[in-house]
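So the structure is just underneath, and the comments pick up after that.
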2 protein chains.
Amino acid sequence: MTENCSCTNCKDQLCMHKVPIFSSLDREQLDKIIELIQRRSYEKGETILFEGDLMDSVTIISGGSAKAYKNTSNGREQILYVFSEGDFFGEQNLFGDETATYSVEALEDVKTCNLSRKQFQQLIYSFPHIAVKIIDELGERMTRLENALQSIGVRNVDNRIGSILIEFARKYGIRDGSNTIIHLPLSREGIANYLGVARETVSRKFSQMENEGLILSISNKEILIPDMGKIEDIAFN
Amino acid sequence: MTENCSCTNCKDQLCMHKVPIFSSLDREQLDKIIELIQRRSYEKGETILFEGDLMDSVTIISGGSAKAYKNTSNGREQILYVFSEGDFFGEQNLFGDETATYSVEALEDVKTCNLSRKQFQQLIYSFPHIAVKIIDELGERMTRLENALQSIGVRNVDNRIGSILIEFARKYGIRDGSNTIIHLPLSREGIANYLGVARETVSRKFSQMENEGLILSISNKEILIPDMGKIEDIAFN
DNA sequence: CGGACCATTGATAATTGTCAAAATTCGTGG
DNA sequence: CCACGAATTTTGACAATTATCAATGGTCCG
(Lines give C-alpha, C1' and ligand atoms only; values in the text may rest on other atoms or scores of the structure.)
Protein backbone atom coordinates (compact mmCIF):
# COMPACT_ATOMS: atom_id res chain seq x y z
CA MET A 1 0.00 0.00 0.00
CA THR A 2 1.22 3.46 -0.87
CA GLU A 3 -1.45 5.20 1.14
CA ASN A 4 1.44 6.82 2.94
CA CYS A 5 2.11 9.22 0.13
CA SER A 6 -0.15 12.04 1.13
CA CYS A 7 0.03 14.40 -1.83
CA THR A 8 -3.44 15.06 -3.13
CA ASN A 9 -2.77 13.70 -6.57
CA CYS A 10 -1.48 10.40 -5.36
CA LYS A 11 -4.40 9.93 -3.06
CA ASP A 12 -6.94 10.79 -5.71
CA GLN A 13 -5.31 8.62 -8.29
CA LEU A 14 -5.54 5.74 -5.94
CA CYS A 15 -9.20 6.41 -5.66
CA MET A 16 -9.56 6.60 -9.41
CA HIS A 17 -7.86 3.34 -10.09
CA LYS A 18 -10.07 1.50 -7.70
CA VAL A 19 -13.04 2.48 -9.81
CA PRO A 20 -13.71 0.24 -12.78
CA ILE A 21 -15.74 2.89 -14.57
CA PHE A 22 -12.64 5.05 -14.99
CA SER A 23 -10.33 2.23 -15.96
CA SER A 24 -10.52 2.98 -19.67
CA LEU A 25 -9.16 6.52 -19.29
CA ASP A 26 -5.55 7.49 -19.84
CA ARG A 27 -3.29 9.57 -17.59
CA GLU A 28 -4.26 12.90 -19.10
CA GLN A 29 -7.95 12.23 -18.88
CA LEU A 30 -7.63 11.06 -15.31
CA ASP A 31 -5.82 14.27 -14.39
CA LYS A 32 -8.81 16.28 -15.51
CA ILE A 33 -11.13 14.28 -13.35
CA ILE A 34 -8.88 14.30 -10.33
CA GLU A 35 -9.29 18.03 -10.00
CA LEU A 36 -13.04 17.70 -9.79
CA ILE A 37 -13.12 15.09 -7.09
CA GLN A 38 -14.04 15.83 -3.55
CA ARG A 39 -13.05 13.37 -0.86
CA ARG A 40 -15.07 12.63 2.25
CA SER A 41 -14.87 10.20 5.11
CA TYR A 42 -17.42 8.69 7.44
CA GLU A 43 -17.24 6.80 10.69
CA LYS A 44 -18.68 3.36 11.21
CA GLY A 45 -22.41 3.67 11.79
CA GLU A 46 -22.67 7.07 10.16
CA THR A 47 -25.33 7.55 7.51
CA ILE A 48 -23.82 8.58 4.20
CA LEU A 49 -27.10 9.10 2.41
CA PHE A 50 -30.69 9.37 3.59
CA GLU A 51 -33.53 7.89 1.55
CA GLY A 52 -35.60 10.79 0.29
CA ASP A 53 -32.76 13.32 0.30
CA LEU A 54 -32.11 15.28 -2.85
CA MET A 55 -29.12 13.85 -4.69
CA ASP A 56 -26.52 16.23 -5.97
CA SER A 57 -23.55 13.97 -6.47
CA VAL A 58 -22.29 10.56 -7.40
CA THR A 59 -20.40 8.83 -4.62
CA ILE A 60 -17.65 6.31 -5.21
CA ILE A 61 -16.45 4.24 -2.29
CA SER A 62 -12.66 4.25 -2.08
CA GLY A 63 -12.35 2.45 1.25
CA GLY A 64 -14.46 0.53 3.73
CA SER A 65 -17.92 -0.92 3.20
CA ALA A 66 -21.48 0.28 3.50
CA LYS A 67 -25.00 -1.07 3.32
CA ALA A 68 -27.75 0.36 1.12
CA TYR A 69 -31.22 -0.22 2.50
CA LYS A 70 -34.85 0.84 2.48
CA ASN A 71 -37.12 1.18 5.49
CA THR A 72 -40.84 0.50 5.62
CA SER A 73 -43.19 2.71 7.58
CA ASN A 74 -43.28 0.16 10.39
CA GLY A 75 -39.52 0.26 10.75
CA ARG A 76 -38.48 -2.88 8.93
CA GLU A 77 -35.29 -2.70 6.96
CA GLN A 78 -34.49 -4.38 3.66
CA ILE A 79 -30.84 -4.31 2.68
CA LEU A 80 -30.37 -3.99 -1.08
CA TYR A 81 -26.61 -3.87 -1.49
CA VAL A 82 -23.42 -4.24 0.46
CA PHE A 83 -21.06 -1.76 -1.17
CA SER A 84 -17.30 -1.94 -0.90
CA GLU A 85 -14.25 -0.44 -2.56
CA GLY A 86 -14.94 0.56 -6.15
CA ASP A 87 -18.72 0.52 -5.91
CA PHE A 88 -20.64 3.70 -6.55
CA PHE A 89 -24.13 5.06 -6.02
CA GLY A 90 -26.13 8.11 -6.96
CA GLU A 91 -26.01 7.38 -10.66
CA GLN A 92 -29.71 6.56 -10.73
CA ASN A 93 -30.59 10.15 -10.24
CA LEU A 94 -28.21 11.43 -12.83
CA PHE A 95 -30.55 13.05 -15.25
CA GLY A 96 -33.58 14.15 -13.32
CA ASP A 97 -33.35 16.01 -10.05
CA GLU A 98 -34.74 13.13 -8.13
CA THR A 99 -34.36 11.97 -4.58
CA ALA A 100 -32.48 9.04 -3.16
CA THR A 101 -34.47 5.82 -3.25
CA TYR A 102 -32.44 4.21 -0.47
CA SER A 103 -30.26 5.07 2.51
CA VAL A 104 -26.58 4.19 2.80
CA GLU A 105 -24.84 3.59 6.11
CA ALA A 106 -21.15 2.92 6.83
CA LEU A 107 -20.52 -0.61 8.12
CA GLU A 108 -16.93 0.35 8.91
CA ASP A 109 -15.06 3.61 8.51
CA VAL A 110 -15.62 4.68 4.93
CA LYS A 111 -13.79 6.96 2.51
CA THR A 112 -15.48 8.29 -0.58
CA CYS A 113 -14.79 10.23 -3.75
CA ASN A 114 -17.57 12.54 -4.82
CA LEU A 115 -18.35 14.09 -8.16
CA SER A 116 -21.18 16.56 -8.58
CA ARG A 117 -23.94 15.36 -10.82
CA LYS A 118 -23.16 18.03 -13.40
CA GLN A 119 -19.51 17.06 -13.53
CA PHE A 120 -20.39 13.43 -13.88
CA GLN A 121 -22.78 14.20 -16.72
CA GLN A 122 -20.13 16.21 -18.57
CA LEU A 123 -17.73 13.34 -18.10
CA ILE A 124 -20.10 10.96 -19.77
CA TYR A 125 -20.57 13.23 -22.75
CA SER A 126 -16.82 13.73 -23.04
CA PHE A 127 -15.88 10.09 -22.71
CA PRO A 128 -18.44 7.68 -24.16
CA HIS A 129 -16.34 4.85 -22.80
CA ILE A 130 -17.36 5.84 -19.32
CA ALA A 131 -21.00 5.58 -20.31
CA VAL A 132 -20.36 2.11 -21.62
CA LYS A 133 -18.63 1.12 -18.39
CA ILE A 134 -21.55 2.43 -16.41
CA ILE A 135 -24.09 0.57 -18.51
CA ASP A 136 -21.97 -2.51 -17.97
CA GLU A 137 -21.77 -2.03 -14.23
CA LEU A 138 -25.49 -1.26 -13.96
CA GLY A 139 -26.21 -4.39 -15.95
CA GLU A 140 -24.21 -6.47 -13.50
CA ARG A 141 -25.90 -4.88 -10.55
CA MET A 142 -29.30 -5.55 -12.09
CA THR A 143 -28.41 -9.17 -12.57
CA ARG A 144 -27.48 -9.38 -8.90
CA LEU A 145 -30.79 -7.75 -7.95
CA GLU A 146 -32.70 -10.12 -10.19
CA ASN A 147 -31.03 -13.07 -8.53
CA ALA A 148 -31.82 -11.64 -5.11
CA LEU A 149 -35.45 -11.18 -6.10
CA GLN A 150 -35.65 -14.77 -7.24
CA SER A 151 -33.99 -15.91 -4.01
CA ILE A 152 -36.38 -14.11 -1.74
CA GLY A 153 -39.33 -14.91 -3.97
CA VAL A 154 -39.11 -18.62 -4.53
CA ARG A 155 -36.19 -20.10 -2.63
CA ASN A 156 -36.35 -21.36 0.94
CA VAL A 157 -34.33 -19.90 3.79
CA ASP A 158 -31.65 -22.61 3.68
CA ASN A 159 -31.02 -21.91 -0.01
CA ARG A 160 -30.73 -18.23 0.71
CA ILE A 161 -28.34 -18.65 3.61
CA GLY A 162 -26.22 -20.83 1.38
CA SER A 163 -26.22 -18.20 -1.34
CA ILE A 164 -25.27 -15.36 0.96
CA LEU A 165 -22.38 -17.43 2.32
CA ILE A 166 -21.15 -18.03 -1.22
CA GLU A 167 -21.49 -14.33 -2.01
CA PHE A 168 -19.58 -13.30 1.09
CA ALA A 169 -16.96 -15.97 0.54
CA ARG A 170 -16.28 -14.55 -2.89
CA LYS A 171 -16.09 -10.96 -1.69
CA TYR A 172 -14.66 -11.30 1.80
CA GLY A 173 -13.36 -14.84 2.05
CA ILE A 174 -9.79 -16.02 2.59
CA ARG A 175 -8.91 -19.51 1.45
CA ASP A 176 -6.69 -21.60 3.66
CA GLY A 177 -6.28 -25.05 2.19
CA SER A 178 -9.75 -26.49 1.89
CA ASN A 179 -11.00 -24.09 4.57
CA THR A 180 -12.53 -20.74 3.81
CA ILE A 181 -12.58 -18.04 6.45
CA ILE A 182 -15.17 -15.34 5.94
CA HIS A 183 -15.14 -11.99 7.64
CA LEU A 184 -18.85 -11.19 7.62
CA PRO A 185 -19.63 -7.58 6.70
CA LEU A 186 -23.03 -7.77 8.38
CA SER A 187 -24.32 -8.69 11.84
CA ARG A 188 -26.89 -11.47 12.22
CA GLU A 189 -29.57 -8.82 12.08
CA GLY A 190 -27.98 -7.39 8.94
CA ILE A 191 -27.92 -10.79 7.29
CA ALA A 192 -31.56 -11.25 8.25
CA ASN A 193 -32.47 -7.91 6.71
CA TYR A 194 -30.56 -8.82 3.58
CA LEU A 195 -32.36 -12.15 3.22
CA GLY A 196 -35.80 -10.90 4.20
CA VAL A 197 -36.17 -13.09 7.30
CA ALA A 198 -36.22 -12.60 11.07
CA ARG A 199 -33.02 -12.15 13.06
CA GLU A 200 -33.81 -15.26 15.09
CA THR A 201 -34.26 -17.39 12.02
CA VAL A 202 -30.72 -16.63 10.90
CA SER A 203 -29.41 -17.58 14.35
CA ARG A 204 -31.28 -20.86 14.27
CA LYS A 205 -30.11 -21.77 10.78
CA PHE A 206 -26.51 -20.93 11.65
CA SER A 207 -26.71 -23.05 14.80
CA GLN A 208 -28.16 -25.90 12.84
CA MET A 209 -25.44 -25.66 10.22
CA GLU A 210 -22.80 -25.57 12.95
CA ASN A 211 -24.26 -28.75 14.47
CA GLU A 212 -24.03 -30.40 11.08
CA GLY A 213 -20.40 -29.33 10.77
CA LEU A 214 -21.04 -27.13 7.76
CA ILE A 215 -19.76 -23.98 9.39
CA LEU A 216 -17.70 -23.10 12.42
CA SER A 217 -18.31 -19.84 14.21
CA ILE A 218 -15.01 -18.20 15.18
CA SER A 219 -16.52 -14.97 16.42
CA ASN A 220 -19.67 -13.01 15.73
CA LYS A 221 -18.17 -11.56 12.59
CA GLU A 222 -16.03 -14.44 11.47
CA ILE A 223 -16.89 -17.97 10.38
CA LEU A 224 -14.91 -20.85 8.99
CA ILE A 225 -16.27 -23.06 6.24
CA PRO A 226 -14.54 -26.44 5.96
CA ASP A 227 -16.11 -27.37 2.63
CA MET A 228 -17.64 -24.77 0.34
CA GLY A 229 -18.94 -27.56 -1.85
CA LYS A 230 -21.44 -28.56 0.80
CA ILE A 231 -22.60 -24.96 1.09
CA GLU A 232 -23.17 -24.89 -2.65
CA ASP A 233 -25.30 -28.00 -2.33
CA ILE A 234 -27.45 -26.22 0.22
CA ALA A 235 -27.67 -23.06 -1.85
CA PHE A 236 -28.85 -24.79 -4.99
CA ASN A 237 -30.55 -27.77 -3.40
CA MET B 1 -53.64 4.27 -35.70
CA THR B 2 -51.76 4.43 -38.94
CA GLU B 3 -50.63 0.82 -38.74
CA ASN B 4 -52.41 0.46 -42.05
CA CYS B 5 -49.62 2.13 -43.95
CA SER B 6 -47.51 -0.88 -44.74
CA CYS B 7 -44.38 0.65 -46.24
CA THR B 8 -41.35 -0.54 -44.36
CA ASN B 9 -40.23 2.89 -43.34
CA CYS B 10 -43.51 3.88 -41.81
CA LYS B 11 -43.69 0.69 -39.86
CA ASP B 12 -40.18 0.99 -38.55
CA GLN B 13 -40.56 4.61 -37.67
CA LEU B 14 -43.57 3.74 -35.62
CA CYS B 15 -41.42 1.28 -33.79
CA MET B 16 -38.70 3.85 -33.27
CA HIS B 17 -40.97 6.45 -31.84
CA LYS B 18 -42.34 4.10 -29.28
CA VAL B 19 -38.89 3.68 -27.85
CA PRO B 20 -37.86 6.35 -25.35
CA ILE B 21 -34.17 5.62 -25.81
CA PHE B 22 -34.31 6.89 -29.40
CA SER B 23 -36.48 9.89 -28.66
CA SER B 24 -33.58 12.32 -28.66
CA LEU B 25 -32.60 11.55 -32.24
CA ASP B 26 -33.59 13.61 -35.26
CA ARG B 27 -35.10 12.40 -38.53
CA GLU B 28 -31.78 11.84 -40.26
CA GLN B 29 -30.33 9.88 -37.39
CA LEU B 30 -33.43 7.77 -37.13
CA ASP B 31 -33.23 6.94 -40.82
CA LYS B 32 -29.83 5.42 -40.30
CA ILE B 33 -31.09 3.22 -37.54
CA ILE B 34 -34.21 2.16 -39.35
CA GLU B 35 -32.14 0.39 -41.94
CA LEU B 36 -30.46 -1.71 -39.30
CA ILE B 37 -33.60 -2.87 -37.62
CA GLN B 38 -34.99 -6.33 -37.98
CA ARG B 39 -38.59 -6.94 -37.10
CA ARG B 40 -39.95 -10.11 -35.60
CA SER B 41 -43.26 -11.31 -34.26
CA TYR B 42 -44.24 -13.92 -31.75
CA GLU B 43 -47.50 -15.59 -30.83
CA LYS B 44 -48.99 -15.57 -27.38
CA GLY B 45 -47.25 -18.17 -25.27
CA GLU B 46 -44.17 -18.30 -27.45
CA THR B 47 -40.80 -17.96 -25.77
CA ILE B 48 -38.87 -15.00 -27.13
CA LEU B 49 -35.71 -15.66 -25.17
CA PHE B 50 -34.44 -18.63 -23.18
CA GLU B 51 -32.46 -18.16 -20.00
CA GLY B 52 -28.95 -19.37 -20.69
CA ASP B 53 -29.05 -18.69 -24.43
CA LEU B 54 -26.27 -16.66 -25.94
CA MET B 55 -27.43 -13.10 -26.57
CA ASP B 56 -26.64 -11.56 -29.91
CA SER B 57 -29.13 -8.73 -30.08
CA VAL B 58 -31.07 -6.13 -28.21
CA THR B 59 -34.82 -6.56 -28.46
CA ILE B 60 -37.27 -3.69 -28.28
CA ILE B 61 -40.94 -4.47 -27.87
CA SER B 62 -43.04 -2.55 -30.35
CA GLY B 63 -46.35 -4.23 -29.59
CA GLY B 64 -47.92 -6.59 -27.08
CA SER B 65 -46.56 -7.60 -23.70
CA ALA B 66 -44.22 -10.22 -22.31
CA LYS B 67 -43.01 -11.56 -19.01
CA ALA B 68 -39.37 -11.93 -18.02
CA TYR B 69 -38.78 -14.69 -15.50
CA LYS B 70 -36.29 -17.07 -13.94
CA ASN B 71 -36.88 -20.71 -13.09
CA THR B 72 -35.39 -22.61 -10.19
CA SER B 73 -34.22 -26.18 -10.54
CA ASN B 74 -37.41 -27.44 -8.91
CA GLY B 75 -39.55 -25.66 -11.47
CA ARG B 76 -40.64 -22.59 -9.58
CA GLU B 77 -40.92 -19.40 -11.55
CA GLN B 78 -40.12 -15.88 -10.40
CA ILE B 79 -41.36 -13.15 -12.70
CA LEU B 80 -38.99 -10.18 -12.79
CA TYR B 81 -40.61 -7.82 -15.27
CA VAL B 82 -43.75 -7.39 -17.29
CA PHE B 83 -42.55 -5.73 -20.48
CA SER B 84 -44.80 -3.80 -22.81
CA GLU B 85 -44.50 -1.39 -25.73
CA GLY B 86 -41.25 0.57 -25.60
CA ASP B 87 -39.47 -1.69 -23.15
CA PHE B 88 -36.28 -3.40 -24.21
CA PHE B 89 -34.05 -6.23 -23.04
CA GLY B 90 -30.70 -7.72 -23.92
CA GLU B 91 -28.77 -4.60 -23.02
CA GLN B 92 -27.26 -6.32 -20.00
CA ASN B 93 -25.14 -8.45 -22.22
CA LEU B 94 -24.02 -5.63 -24.40
CA PHE B 95 -20.31 -5.67 -23.79
CA GLY B 96 -19.32 -9.19 -22.92
CA ASP B 97 -20.59 -12.18 -24.85
CA GLU B 98 -22.65 -13.40 -22.01
CA THR B 99 -25.80 -15.44 -21.80
CA ALA B 100 -29.33 -14.42 -20.97
CA THR B 101 -30.02 -14.31 -17.24
CA TYR B 102 -33.77 -14.71 -17.68
CA SER B 103 -36.35 -16.05 -20.11
CA VAL B 104 -38.94 -13.91 -21.87
CA GLU B 105 -42.33 -15.22 -22.95
CA ALA B 106 -45.09 -13.47 -24.92
CA LEU B 107 -48.22 -12.83 -22.84
CA GLU B 108 -50.08 -11.75 -25.96
CA ASP B 109 -48.99 -11.61 -29.59
CA VAL B 110 -45.79 -9.60 -29.60
CA LYS B 111 -43.93 -7.58 -32.21
CA THR B 112 -40.31 -6.67 -31.73
CA CYS B 113 -37.55 -4.59 -33.26
CA ASN B 114 -34.12 -6.15 -33.06
CA LEU B 115 -30.69 -4.63 -33.32
CA SER B 116 -27.58 -6.74 -33.32
CA ARG B 117 -25.34 -6.16 -30.37
CA LYS B 118 -22.62 -4.73 -32.56
CA GLN B 119 -24.98 -2.27 -34.19
CA PHE B 120 -26.31 -1.22 -30.83
CA GLN B 121 -22.80 -0.67 -29.54
CA GLN B 122 -21.90 1.49 -32.52
CA LEU B 123 -25.05 3.46 -31.98
CA ILE B 124 -24.04 4.26 -28.44
CA TYR B 125 -20.62 5.44 -29.48
CA SER B 126 -22.11 7.58 -32.26
CA PHE B 127 -24.84 9.13 -30.15
CA PRO B 128 -23.90 9.64 -26.51
CA HIS B 129 -27.45 10.80 -25.89
CA ILE B 130 -28.62 7.26 -26.39
CA ALA B 131 -26.21 6.07 -23.72
CA VAL B 132 -27.62 8.65 -21.37
CA LYS B 133 -31.16 7.53 -22.12
CA ILE B 134 -30.19 3.95 -21.47
CA ILE B 135 -28.52 4.78 -18.17
CA ASP B 136 -31.69 6.63 -17.28
CA GLU B 137 -33.93 3.76 -18.22
CA LEU B 138 -31.74 1.22 -16.44
CA GLY B 139 -31.81 3.43 -13.35
CA GLU B 140 -35.59 3.43 -13.38
CA ARG B 141 -35.72 -0.29 -13.85
CA MET B 142 -33.32 -0.78 -10.96
CA THR B 143 -35.47 1.37 -8.74
CA ARG B 144 -38.44 -0.80 -9.63
CA LEU B 145 -36.41 -3.93 -8.83
CA GLU B 146 -35.28 -2.45 -5.54
CA ASN B 147 -38.87 -1.75 -4.62
CA ALA B 148 -39.88 -5.25 -5.59
CA LEU B 149 -37.10 -6.68 -3.45
CA GLN B 150 -38.25 -4.65 -0.49
CA SER B 151 -41.83 -5.75 -1.12
CA ILE B 152 -41.08 -9.43 -1.19
CA GLY B 153 -38.54 -9.12 1.61
CA VAL B 154 -40.34 -7.24 4.33
CA ARG B 155 -43.91 -6.50 3.31
CA ASN B 156 -46.84 -8.84 3.91
CA VAL B 157 -48.92 -10.35 1.15
CA ASP B 158 -51.73 -7.80 1.46
CA ASN B 159 -49.29 -4.95 0.98
CA ARG B 160 -47.85 -6.64 -2.07
CA ILE B 161 -51.23 -7.33 -3.64
CA GLY B 162 -52.09 -3.68 -3.11
CA SER B 163 -48.87 -2.59 -4.76
CA ILE B 164 -49.29 -4.79 -7.78
CA LEU B 165 -52.81 -3.48 -8.27
CA ILE B 166 -51.49 0.07 -8.18
CA GLU B 167 -48.74 -0.83 -10.64
CA PHE B 168 -51.19 -2.47 -13.03
CA ALA B 169 -53.69 0.34 -12.65
CA ARG B 170 -51.03 2.79 -13.74
CA LYS B 171 -49.92 0.73 -16.71
CA TYR B 172 -53.11 -0.99 -17.80
CA GLY B 173 -55.92 0.81 -16.02
CA ILE B 174 -58.78 2.80 -17.52
CA ARG B 175 -60.44 5.39 -15.33
CA ASP B 176 -64.22 5.71 -15.47
CA GLY B 177 -65.38 8.27 -12.96
CA SER B 178 -64.16 7.08 -9.59
CA ASN B 179 -63.90 3.52 -10.91
CA THR B 180 -60.74 2.04 -12.34
CA ILE B 181 -60.94 -0.92 -14.67
CA ILE B 182 -57.76 -2.94 -14.95
CA HIS B 183 -57.00 -5.39 -17.69
CA LEU B 184 -54.61 -7.72 -15.92
CA PRO B 185 -51.60 -8.75 -18.00
CA LEU B 186 -51.03 -11.83 -15.86
CA SER B 187 -53.11 -14.81 -14.76
CA ARG B 188 -53.55 -15.54 -11.06
CA GLU B 189 -50.62 -17.85 -11.28
CA GLY B 190 -48.62 -15.14 -13.00
CA ILE B 191 -49.47 -12.66 -10.27
CA ALA B 192 -48.45 -15.24 -7.69
CA ASN B 193 -45.12 -15.80 -9.44
CA TYR B 194 -44.59 -12.07 -9.60
CA LEU B 195 -45.28 -11.59 -5.89
CA GLY B 196 -43.43 -14.67 -4.72
CA VAL B 197 -46.44 -16.43 -3.20
CA ALA B 198 -48.58 -19.46 -3.99
CA ARG B 199 -51.30 -19.32 -6.65
CA GLU B 200 -53.93 -20.20 -4.05
CA THR B 201 -52.85 -17.38 -1.79
CA VAL B 202 -53.57 -14.84 -4.51
CA SER B 203 -57.01 -16.37 -5.06
CA ARG B 204 -57.81 -16.18 -1.40
CA LYS B 205 -56.67 -12.58 -1.04
CA PHE B 206 -58.64 -11.52 -4.10
CA SER B 207 -61.77 -13.25 -2.76
CA GLN B 208 -61.31 -11.57 0.57
CA MET B 209 -60.91 -8.18 -1.07
CA GLU B 210 -63.99 -8.81 -3.19
CA ASN B 211 -66.01 -9.61 -0.04
CA GLU B 212 -64.85 -6.36 1.47
CA GLY B 213 -65.93 -4.48 -1.66
CA LEU B 214 -62.41 -3.37 -2.51
CA ILE B 215 -62.39 -5.00 -5.92
CA LEU B 216 -64.93 -6.46 -8.28
CA SER B 217 -63.98 -9.30 -10.55
CA ILE B 218 -65.40 -8.80 -14.05
CA SER B 219 -63.61 -11.71 -15.63
CA ASN B 220 -60.41 -13.63 -14.97
CA LYS B 221 -58.39 -10.96 -16.66
CA GLU B 222 -60.40 -7.89 -15.74
CA ILE B 223 -61.20 -6.31 -12.41
CA LEU B 224 -62.94 -3.13 -11.35
CA ILE B 225 -61.67 -1.05 -8.48
CA PRO B 226 -64.26 1.34 -7.03
CA ASP B 227 -61.80 3.29 -4.90
CA MET B 228 -58.07 3.25 -5.59
CA GLY B 229 -57.53 5.18 -2.36
CA LYS B 230 -58.49 2.14 -0.32
CA ILE B 231 -56.08 -0.01 -2.32
CA GLU B 232 -53.33 2.46 -1.54
CA ASP B 233 -54.14 2.15 2.15
CA ILE B 234 -53.68 -1.59 1.88
CA ALA B 235 -50.47 -1.29 -0.11
CA PHE B 236 -48.79 1.04 2.35
CA ASN B 237 -50.58 -0.01 5.52
C1' DC C 1 -14.43 -5.70 35.18
C1' DG C 2 -18.81 -3.93 33.96
C1' DG C 3 -22.25 -2.53 31.00
C1' DA C 4 -24.15 -2.19 26.51
C1' DC C 5 -24.99 -4.54 22.68
C1' DC C 6 -25.64 -8.64 20.06
C1' DA C 7 -26.81 -13.42 19.56
C1' DT C 8 -29.10 -17.69 20.94
C1' DT C 9 -32.76 -20.57 22.49
C1' DG C 10 -37.44 -21.96 23.71
C1' DA C 11 -42.41 -21.75 23.42
C1' DT C 12 -46.15 -20.34 20.86
C1' DA C 13 -48.84 -18.04 17.28
C1' DA C 14 -49.62 -16.55 12.72
C1' DT C 15 -49.11 -16.88 8.00
C1' DT C 16 -48.68 -19.15 4.00
C1' DG C 17 -47.83 -23.45 1.38
C1' DT C 18 -49.55 -27.89 -0.16
C1' DC C 19 -52.74 -31.22 -1.69
C1' DA C 20 -57.23 -32.41 -3.25
C1' DA C 21 -61.63 -31.47 -5.01
C1' DA C 22 -65.20 -28.55 -6.81
C1' DA C 23 -66.55 -24.57 -9.45
C1' DT C 24 -65.97 -21.33 -12.88
C1' DT C 25 -64.27 -19.43 -17.10
C1' DC C 26 -62.55 -19.67 -21.74
C1' DG C 27 -62.15 -20.85 -26.37
C1' DT C 28 -63.47 -23.75 -30.01
C1' DG C 29 -66.36 -26.02 -33.09
C1' DG C 30 -70.80 -27.27 -34.31
C1' DC D 1 -75.20 -18.58 -30.32
C1' DC D 2 -74.77 -22.49 -27.62
C1' DA D 3 -72.45 -26.44 -25.76
C1' DC D 4 -68.58 -28.98 -24.56
C1' DG D 5 -64.03 -29.99 -22.93
C1' DA D 6 -59.85 -28.05 -21.31
C1' DA D 7 -57.77 -24.90 -18.62
C1' DT D 8 -57.87 -21.93 -14.88
C1' DT D 9 -59.51 -20.51 -10.54
C1' DT D 10 -61.55 -21.03 -6.12
C1' DT D 11 -62.26 -23.24 -1.77
C1' DG D 12 -61.35 -26.31 2.13
C1' DA D 13 -58.53 -28.92 5.31
C1' DC D 14 -54.27 -29.54 6.97
C1' DA D 15 -49.14 -29.23 7.40
C1' DA D 16 -44.96 -26.76 7.38
C1' DT D 17 -42.32 -22.87 7.94
C1' DT D 18 -41.20 -18.82 9.92
C1' DA D 19 -42.35 -14.74 12.91
C1' DT D 20 -42.97 -13.13 17.40
C1' DC D 21 -42.30 -12.65 22.24
C1' DA D 22 -39.57 -13.41 26.16
C1' DA D 23 -35.70 -14.84 28.62
C1' DT D 24 -30.99 -16.21 28.79
C1' DG D 25 -26.35 -16.25 27.40
C1' DG D 26 -22.25 -14.40 25.14
C1' DT D 27 -19.13 -10.88 23.23
C1' DC D 28 -16.87 -6.67 22.73
C1' DC D 29 -14.82 -2.49 24.29
C1' DG D 30 -13.87 1.15 27.18
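Here the structure is a predicted model, which is why all the values come from computation and not from measurement. Labels below follow one simple rule: chain letters A, B, ... track the order of the sequence lines, proteins then strands, and each chain is numbered from 1.
Shown here for A/E43 and A/A106, the closest heavy-atom pair between the two residues is O-CB, 3.5 Å. B/L224 and B/P226 get closest at one heavy-atom pair: O-CD, 3.6 Å. Pairing each heavy atom of B/S187 with each of B/K221, the nearest pair is N-CE, 3.8 Å. Residue B/L195 comes nearest to B/R160 through the heavy atom pair O-NH1, 2.6 Å, listed as atom of the first residue, atom of the second, then distance. When all heavy atoms of A/N71 and A/E51 are compared, the closest pair comes out as N-OE1, 3.5 Å. When all heavy atoms of B/S163 and B/A235 are compared, the closest pair comes out as N-CB, 3.6 Å.
Rounded to whole Å, atom C1' of C/dC5 lies 11 Å from atom CZ of A/R199. One interatomic measurement links the two molecules: CG of B/N220 to C1' of C/dT25, which rounds to 5 Å at whole-angstrom precision. Rounded to whole Å, the distance from NZ on A/K221 to P on C/dA7 is 7 Å. The nearest whole Å value for the distance from the CD atom in B/E200 to the C1' atom in D/dC14 is 13 Å. Note: NZ (A/K205) to C1' (D/dA16) measures 11 Å, nearest angstrom. The distance from atom CG of B/L186 to atom P of D/dA7 is 20 Å, rounded to the nearest whole Å. When the C1' atom of C/dA7 is taken as reference, atom CD of A/Q208 falls 17 Å away, rounded to whole Å. Here C/dT24 presents its P atom at 21 Å from CD of B/E189, a figure rounded to the nearest Å.
The aromatic rings of A/Y102 and A/F83 lie tilted to each other, with the angle between the two planes from 30° to 60°.
Side chain of B/Q38 to backbone of B/C113: no donor-acceptor contact under 3.5 angstrom is found. A donor-acceptor pair is defined here as one N or O able to donate and one able to accept, closer than 3.5 Å; such a pair exists between the side chain of A/N159 and the backbone of A/I234.
Comparing D/dT9, C/dT16, D/dT18 against the side chain of A/T201 picks out D/dT18 as the nearest.
Both cation-pi conditions hold for A/R141 and A/F88: the charged atom is under 6.0 angstrom from the six-membered ring centre and inside a 45 degree cone around its axis.
Of the residues in residues 147-165 of chain A, not one places a heavy atom less than 4.0 Å from an atom of DNA chain C. Taken residue by residue, residues 72-81 of chain A places heavy atoms nearer than 4.0 Å to DNA chain D at A/R76.
For the side chain to side chain contact (heavy atoms under 4.5 Å, CB included) criterion with A/I164, the lone passing option out of A/V202, A/I231, A/I191 is A/I191. For the side-chain hydrogen bond (donor to acceptor under 3.5 Å, both in side chains) with B/Y194, the qualifying choice from B/E189, B/K67, B/E167 is B/E167, the only one to do so.
Residue A/R204 places a side-chain atom within donor-acceptor reach of the base of C/dG10, judged by atom type and a 3.5 Å distance cut-off alone.
Contact annotation for A/V197: backbone-only contact, meaning every heavy-atom pair under 4.0 Å involves sugar-phosphate atoms and none involves a base. Counting non-hydrogen atoms under 4.0 angstrom, A/S187 reaches the backbone sugars and phosphates but no base.
OP1 and OP2 of D/dT10 both lie 4.0 Å or more from every side-chain N or O belonging to B/S207. Within the structure, a side-chain polar atom (N or O) of B/S219 is placed less than 4.0 Å from OP1 or OP2 of C/dC26.
Position along DNA chain D of the nearest nucleotide to A/K44 versus B/R188 favours B/R188 as the more 5'-ward residue.
Rounded to 10 degrees, the angle separating the terminal axes of the helix from C/dC1-D/dG30 to C/dG30-D/dC1 is 50°, with each axis obtained from five end pairs.
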